[in-house]
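A quick write-up on the structure given underneath.
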There are 2 protein chains.
Amino acid sequence: KYEIPVIGPNTHGFSNFHKDFHSIFWHFDTFPGEIAVISQSGGVGLTIACSLRTMMCGLSHFVGVGNGAVTGFSDYLQVINLDPNVRVFSLFVEGLENAREFYECARKITAKKPVVVYKAGKNEEVAKATLTHTGSLTGEYDLYRAMFKQAGLVEVDSAWDAAVASKALAMLNLPEGDRVCAMTFTAGLSIVAMDRSLDAGWKFPDISDHARQGIRSVIGEKTPVELQNPIDLTGLGFLPQNYSGVLEVLRDESFDAFFLVWSFNALIRIPIAEIEKFVKDVKKPVVMVLLANQYEAERYLEELARRRVCCYLTPEDGATALNALLRRYKMLNRDRKVSN
Amino acid sequence: KYEIPVIGPNTHGFSNFHKDFHSIFWHFDTFPGEIAVISQSGGVGLTIACSLRTMMCGLSHFVGVGNGAVTGFSDYLQVINLDPNVRVFSLFVEGLENAREFYECARKITAKKPVVVYKAGKNEEVAKATLTHTGSLTGEYDLYRAMFKQAGLVEVDSAWDAAVASKALAMLNLPEGDRVCAMTFTAGLSIVAMDRSLDAGWKFPDISDHARQGIRSVIGEKTPVELQNPIDLTGLGFLPQNYSGVLEVLRDESFDAFFLVWSFNALIRIPIAEIEKFVKDVKKPVVMVLLANQYEAERYLEELARRRVCCYLTPEDGATALNALLRRYKMLNRDRKVSN
């Protein structure tokens, strides 16, 4: 009526962490970063923010959309998109009043920046509960899903996965194809990661004879398992110089992405500097998985984040990260083909 | 040939944490607890163990089955089942040589103790990679799935979820029905939890007029949202005495399980003692969700675990926990009906 933009009502508020501006009623632990969380629920937005903090990722903005009487997702997306600090948007959507407007706006943004979306209300019975909350209907999930895909969004299935995907998209270069190389000490981890990443379209082409020879020259001829992709270094890889030696061999192999596993042990140094160098050299996405519990991993996750190495603690999270990158690559590629 | 049980080959080893007996080549951070992890992959078993440690759960045993030349899952299950320290089995299965033997053995154990299973190799292409690892085929996932269900196992989709489900089944009483009551400050969290738990068969029946009146007498008449289940206390619930006052009202309502949300804030005390008392009084499963990042949550998770309050950091994990309990209840109920 008066053309004044109003946030909410029934909202968590708005924060810009780079400007240290906060119009918010609930403070939480984070630091300035590259991810803007825009959430229709303060609580779910908070869960994404806390999950990102656990993964050592900061935020650029936090918005609780609330009932969105005047301003909606499109308004926030457009305004925050002007801020060069933002590399990724991470959205939680219950339902949209104006899906067409959202679609047009999101479509423009995803051409430049990745947008991750987590949608509530897949179950129709939940619609009733949502209606009393923000007054929006959550039904017709399939329509939403198709719209998200068409608009180039990366959809995920939980607040944690929203954080996993946002972290990868903020920290990593995109692949320029679908060929991934996995390197591990224990095949089981690559099996569960492959399960998920093959379904998403990643391929695990075999390594070349040249690479096989190169790896043998580093870890020796007598490997207890066959050398193939996923590359299982077994115990022989647990010397940091062997690990980085094999990375050196793989550098020029024709893969589009790498999935590296390390397992924390108090007696063996994690080759952090070597992995950092590899990431910088290959200029391709490298997802690292460190097997450790969250508390013993904390200082390593901190150091890895500082060196811009993207690391997770489970192989399934690593696969979710890889899959987000591939979906983003395919989306941009689809658009490029369309415009040619 | 010589009838000597052999573990492995190609195995991570065997540990009994209550006896401090370790025949294992990789030490990791844990403490004696109630969960036995039996994994065909040392790496995935380690991921489950690390995830449990992050959730403040200890282990009774850890077994790397490896190639299982002589001993297999059934042997470990039977032997470890004799140990009264074990409350829950948590399995990672790539493929089974003798599925019939496994089925018969698991069926007997699940009549007494919960068994959680995570299966690899859902994608047929992964079978090749698995074959070079432990020599077992991973195909025919649908057959496995039906067999697990028939044997009364609780199947999960990731190492993390195996830890989430195992923790709940180790710490909580089983429900005696499917009616759950959710209490939250922010509806979004209950919406995403409902999404998952409705699909799994939980019902969220409305609270009685009597309970509604009781809650109003605690938090006041003027609530900004309608009082229904999920119960959204909004800001009014953030006084610990209000929170525990409402729990007191709900105690005698006819629910079979409770889903309680708290959000960490440095300025407001978490009503830990009050929640502990509620859990002891109701003798029903109570799943708590604490919104916080893993590092700030550490000391609270430790205290909650000591007081045997089962807590997670995301609503989706809370729903996974609830769903594991309901599946276990339904399985035991099915068997009871069959035997009558």
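Quick note on labels: first sequence line is chain A, next is B, and so on, each numbered from 1. All values derive from a computational prediction rather than experimental measurement.
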Review point. So which part of B/I48 gets closer than 4.5 Å to some heavy atom of chain A, the side chain, the backbone, both or neither?
Key: neither
Review point. Is it the side chain or the backbone of B/F185 that comes within 4.5 Å of chain A heavy atoms, both, or neither?
Key: neither
Distance-minimising heavy-atom pair for [X] and [Y]:
X: A/G188; Y: B/E94; result: CA-OE2, 3.8 Å
X: A/A120; Y: B/V192; result: CB-CG1, 4.1 Å
X: B/S41; Y: A/L189; result: OG-N, 4.3 Å
X: A/E316; Y: B/A159; result: OE2-N, 2.9 Å

Practice item. Please indicate whether B/R299 has more than 12 foreign heavy atoms, meaning atoms of other residues, nucleotides or ligands, lying under 6.0 Å from its CZ. Key: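 It does not: B/R299 CZ has 12 such atoms or fewer within range.
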Review point. For A/R212, does the CZ atom have more than 12 heavy-atom neighbours from other residues, nucleotides or ligands under 6.0 Å away?
Key: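 Yes, CZ of A/R212 has more than 12 neighbouring heavy atoms, counting only those of other groups under 6.0 Å.
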Check your understanding: How far does CG of A/N265 sit from CG of B/D29, to the nearest 0.5 angstrom?
Key ->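 One gets 11.5 Å once the value is rounded to the nearest 0.5 Å.
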Point to revise | Under 3.5 Å donor-acceptor, A/T54 side chain and B/Q294 backbone | key: yes
Check your understanding: Would you say A/Y295's side chain and B/Y295's backbone share a donor-acceptor pair under 3.5 angstrom?
Key -> no
Check your understanding: Non-hydrogen atoms of chain B under 4.5 Å away: do they reach the side chain of A/I268, the backbone, both or neither?
Key ->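 For A/I268, side-chain heavy atoms alone lie under 4.5 Å from chain B.
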Practice item. Side chain from CB out, backbone as N, CA, C, O: work out which of these in A/L313 comes under 4.5 Å of a heavy atom of chain B, or both, or neither. Key: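 Interface part for A/L313: backbone (N, CA, C, O).
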Study note, to complete from the structure: Taken in chain and number order and not counting sequence neighbours, the residues that satisfy side chain to side chain contact (heavy atoms under 4.5 Å, CB included) with B/A292 are B/F264, B/L290, B/E296, B/A297
Check your understanding: Taking only residues two or more places apart in sequence, or in another chain, which ones meet B/S197 in a side chain to side chain contact (heavy atoms under 4.5 Å, CB included)?
Key -> B/W202, B/F204, B/N323
Practice item. Report the option among A/E298, A/R53, A/M55 that has the most heavy-atom pairs separated by less than 4.5 Å from atoms of chain B. Key: A/E298
Practice item. Check whether any side-chain heavy atom of B/T47 lies under 4.5 Å from a side-chain heavy atom of A/P315, and answer yes or no. Key: yes
Review point. With a 4.5 Å heavy-atom cut-off, do B/N293 and A/F28 have their side chains touching?
Key: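 No - every pair of side-chain heavy atoms lies 4.5 Å or more apart.
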Practice item. Just give me the residue among B/D157, B/D317, B/L52 that pairs up with chain A most often, heavy atom to heavy atom, under 4.5 Å. Key: B/D157
Check your understanding: Top residue by heavy-atom pair count (under 4.5 Å) with chain A, among B/L267, B/T314, B/L291?
Key -> B/L291
